[in-house]
Number of protein chains: 2
Amino acid sequence: MRTERGVGSGRSSNQTAILHGTEEIMREQGYAAVTYRSVAARAGVTPGLVQYYFPALENLFIAVLRAGTDRILERLARVSEADQPLRALWDYANSRDGTVMLMEFMALANHRKAVAPVIGEGGERIRQAQLKTLTAVWERYGVPEGDVAPAALLFLMSAIPRMIHLEETFGTVTGHVEAVALVERFLDRVEPRMTGETSQDKTISAHG
Amino acid sequence: MRTERGVGSGRSSNQTAILHGTEEIMREQGYAAVTYRSVAARAGVTPGLVQYYFPALENLFIAVLRAGTDRILERLARVSEADQPLRALWDYANSRDGTVMLMEFMALANHRKAVAPVIGEGGERIRQAQLKTLTAVWERYGVPEGDVAPAALLFLMSAIPRMIHLEETFGTVTGHVEAVALVERFLDRVEPRMTGETSQDKTISAHG
DNA sequence: GTCTATACGGCGATAGAC
DNA sequence: GTCTATCGCCGTATAGAC
């Protein structure tokens, strides 16, 4: 898709090794451990070559971020076909891996200004995709709660697990279980746990 | 309260100038702009003196964080005496300044590990103080909603504005107005806007 | 105690050699 | 395309003046 240099549409094996190594370092040691020297060592190339493909570290971070966003959008396309889309969305929002990397990029954006709009852009694409799914569900279920707009529920189902995880990192826990219980009681009401009557399985089905 | 050196209970004017300057720089340019050299220039002292009081940068960040937490707790003591405590809490949670600094410290904690538990500790103290207020309000209002636990509402009233502000920084906006509307509709129901009948004024009153 | 001056190794970024 | 040399920051450590 995107290249940092005009080498055609593909990426060299060195480029993919650099991107992969960078993501690994971010996940294991945080973005602050990403240096030209550390990435080069991980990818088995020289620091100068990393800098050749990504002239500033921001270019490297942004490339990793974009690749991750693309992966999430692919995953969400599968979620929209799940039997219980609300619970699938809730499971997605509660997944640890995605939240860790998102927080890492949010923290990074604080002092790498060019990263911020890339996060926002990806966030909008993700949320619009989710909203489309949720609005369809709303119609299928017949607007279970006259009060809660799909967009509000979507935001809450995203924000609550994310903020809980963020706070837990620091050791703040008050109100977490109560907030989760609130959402799950809502889910139990509008999308009761499957007992096996409606459609095929708890895996992906095709009826949207 | 806390000193970094054994100079008794007070702080020298240079120490307060350093703390004040550091907070200014964080607010204006972000934590990444906080260096011994930049803080010294802002406070009108030499870099060596900053390092004398705060041997590592982490000590400096933590001192600023603790001072800020103390200020918030003082403010919350006043909130608990407000006529409309729920709305006072909501206003507090929506205040820009506090959120900016909190996010700055959260980002900072990502690569200054000693900062994280200080955030968590302060967060717990703040939330427990808020929970005490909210539980009292719950009894006074007669548990308006059998479903919503005070701790859940407290978490939501804190997490929603904070996550909204965070996302807005990046340019993600979907669902924000809907989520805010949801909370405010709830507030309208359990704590209707004062029309002037109950007590003195919309300023601080004494009846708890 | 309070404060200054200086040195060291590591970093991102740049220019330019091959 | 690939890689090296170099520069100006940084945090930190230390030695010592008042």
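Throughout, protein chains are lettered first and strands after them, A, B, ... in sequence-line order, and every chain is numbered starting at 1.
- Every residue meeting the side-chain contact (heavy atoms from CB on, under 4.5 Å) condition with Thr172(A), not counting sequence neighbours, appears here in chain and number order: Glu167(A), Glu124(B), Arg127(B).
- With sequence neighbours left out, Ser38(A) forms a side chain to side chain donor-acceptor pair (under 3.5 Å) with Thr35(A).
- Contact check, Tyr53(B) against dC3(C): a side-chain N or O comes under 4.0 Å of OP1 or OP2.
- For the pair Asn14(B) and dT2(C), the criterion of a side-chain N or O lying under 4.0 Å from OP1 or OP2 is not met.
- Put simply, Tyr52(B) has a side-chain N or O that comes within less than 4.0 Å of OP1 or OP2 on dT2(C).
- Using a 4.0 Å cut-off between a side-chain N of Lys or Arg and a carboxylate O of Asp or Glu, Arg125(A) and Glu121(A) do not qualify as a salt bridge.
- Every residue meeting the side-chain contact (heavy atoms from CB on, under 4.5 Å) condition with Leu76(B), not counting sequence neighbours, appears here in chain and number order: Ile72(B), Val79(B), Leu89(B), Tyr92(B), Ile126(B), Gln130(B).
- Qualifying side-chain contact (heavy atoms from CB on, under 4.5 Å) partners for Glu191(B), counting only residues two or more places apart in sequence or in other chains: Gln84(B), Pro85(B), Leu86(B), Arg87(B), Tyr141(B).
- Note: CG (Leu108(B)) to P (dG11(D)) measures 12 Å, nearest angstrom.
- The distance from atom CZ of Phe61(A) to atom C1' of dA13(C) is 15 Å, rounded to the nearest whole Å.
- Annotation: side chain to side chain donor-acceptor pair (under 3.5 Å) contacts of Glu24(A) (sequence neighbours excluded): His20(A), Arg42(A).
- Taking Thr46(B) as the reference, Leu49(B) meet the side-chain contact (heavy atoms from CB on, under 4.5 Å) condition, with sequence neighbours excluded.
- With sequence neighbours excluded, the residues that form a ring-ring contact (aromatic ring centres under 6.0 Å, His included) with Phe155(A) are His176(B).
- If you measure from atom CZ of Phe54(B) to atom P of dG1(C), you get 17 Å, rounded to the nearest angstrom.
- Less than 4.0 Å separates DNA chain C from at least one heavy atom of each of the following residues of residues 21-47 of chain A: Val34(A), Thr35(A), Tyr36(A), Arg37(A).
- Between the CG atom of Leu57(B) and the P atom of dC10(D) there is a distance of 11 Å, given to the nearest Å.
- Atoms NE2 (His111(B)) and C1' (dC11(C)) sit 14 Å apart, rounded to a whole Å.
- Ionic pairing of Glu184(A) and Arg193(A) is not present here: no N-O contact between side-chain nitrogen and carboxylate oxygen is shorter than 4.0 angstrom.
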Filtered N/O pairs between nucleotides 13-18 of chain D and protein, under 3.5 Å:
residue, atom, partner, partner atom, Å
dA13(D), N7, Gln51(B), NE2, 3.1

